[in-house]
Each structure stands twice: as structure tokens, then as C-alpha cells.
Amino acid sequence: MFGYWLTLVALAILAKASLSSAGEYSENAEVLVVQETEDFLDNPRYLNNEEIGELFDKISKEYPEIAQTYSIGNSIQGRPLNVLALSSRIPDSVNDDLLRPMVKLVANIQGDEALGRQMVLYLAQYLAAHYDSDKEVQKLLNTTDIHFLPTCNPDGFANAKVSQ
Ligand SMILES: *[C@@H]1O[C@H](CO)[C@@H](O)[C@H](O)[C@H]1NC(C)=O
């Protein structure tokens with residue numbers, strides 16, 4: 001308990017110190033606050049394969065300038081392997097720049113190892129939603145094609161059971 005209060009006091013002192021060291025800025029200095037949309041975290045849970053397909057359709061309709069969805073085929077049990085591609089050169093993705101880096105993020109290779117599946121989805125949603133407002137995201141998607149394959153084992157995921 002004492003350690004807890006000590007930590008709080010130390011944090012308070014640190015916060016005050018860093019505030020006063022920022023005192024060289026005028027009081028009217030503009031603070032750039034990037035409005036971050038993370039409403040995809042409002043109801044955190046694992047999406048099933050059909051929902052992933054619907055989500056990718058929605059993202060590619062909402063951000064047609066940078067997003068495109070496709071499938072690389074079906075799993076043995078017939079589930080589509082959904083991919084979302086994000087890049088500033090999506091609409092006419094001609095190979096005008098052969099040296100442009102292309103990255104593929106693949107998750108959920110083991111059907112019951114599902115954390116990465118949702119992380120990849122969140123990252124895709126985050127980047128798509130922030131392209132307009134965040135210069136860092138813009139820079140990334142202006143220079144790199146990123147392909148998200150949140151699950152390459154949708155059958156394993158669908159058949160996995162929660163162990164008790
Ligand atoms: C990204 O590309 C768009 C379109 O060419 C351009 O308007 C924007 O300024 C670029 N953003 C950055 C951060 O390079």
C-alpha cells in the first residue's frame with residue numbers, strides 16, 4: 001500500500017516536472033491532437049470468418065481510394081481466405097513502382113492461436129480509418145503496400161474449442 005502511494009507521488013512529481021520543463025512554449029501554442037478512432041475496440045471479440053469478409057467489404061467500400069479486398073482461395077472446408085490490401089495506389093494499382101515495398105501480414109496459422117487474427121484486423125481498421133487524418137499513416141501507405149490475411153486457417157479457428 002505504501003509502495004502504491006509512493007509511486008503515485010513520484011508520478012505526480014514527474015508529471016509536474018515535465019509540465020514545467022515544457023514552459024518554454026507560449027500559453028497560446030497550438031497543441032496538435034490527433035483524433036483517434038478506435039470504435040472497433042468498443043465490443044472486443046473474435047470475428048468469425050464470415051464477419052471478417054463483411055468487415056473487409058465494408059472497409060473497401062468506405063475507403064475505396066486505399067483499400068481493396070480479395071480472396072486467395074478457399075480452405076479445405078470451403079471458407080474464403082479473406083485479404084485486405086491497403087495502399088495509396090489501390091485504385092489503379094499498376095506496377096509503376098516496382099521497388100515499392102510490399103508487406104504481407106499473416107495470422108492465425110494455428111487455428112486455435114487466435115490473438116494475432118484480431119490484432120491484424122485492428123491494425124487494418126486503424127490504418128484505413130486514419131489515413132486521412134494521420135501523416136504517419138499516410139506516409140506508410142504512400143510508400144508501402146500492405147496485405148492483411150488475418151487467418152490462413154479459418155477451419156482450425158471454427159473447430160477450436162475453449163479449454164476449461
Ligand atoms: C500521400 O499521398 C497523397 C496523394 O499523393 C498526398 O496528397 C499526401 O500529401 C501524401 N502524404 C504524405 C504524408 O506523404
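Counting starts at 1 for both ligands and their atoms, in listed order.
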Please output the side-chain donor-acceptor pairs of residues 56-63 that fall under 3.5 Å, not counting sequence neighbours, one pair per line with the distance.
residue	atom	partner	partner atom	Å
Ser60	OG	Phe56	O	2.9
Ser60	OG	Asp57	O	3.1

Pairs meeting criterion salt bridge (charged side-chain N to carboxylate O under 4.0 Å, His left out) with involvement of residues 116-133, two or more places apart
none

Are Arg100 and Ser87 close enough that a side-chain donor and a side-chain acceptor fall under 3.5 Å?
yes

Tabulate distances under 3.5 Å between N/O atoms of ligand 1 and N/O atoms of the protein, writing both atom names on each line.
residue	atom	partner	partner atom	Å
ligand 1	2 (O)	Asn142	OD1	3.1
ligand 1	2 (O)	Asn142	ND2	2.4
ligand 1	11 (N)	Gln138	OE1	2.7
ligand 1	11 (N)	Asn142	ND2	2.9
ligand 1	14 (O)	Asn142	ND2	3.2

Can you find a side-chain donor-acceptor pair between Ser71 and Asn82 that sits under 3.5 Å?
no

Apart from Phe157 itself, which Ile, Leu, Val, Met, Phe, Trp or Tyr residues share its cluster (side-chain heavy atoms under 4.5 Å, direct or through members)?
Tyr46, Leu115, Met119

Got a donor-acceptor contact below 3.5 angstrom from the Gln138 side chain to the Tyr131 backbone?
yes

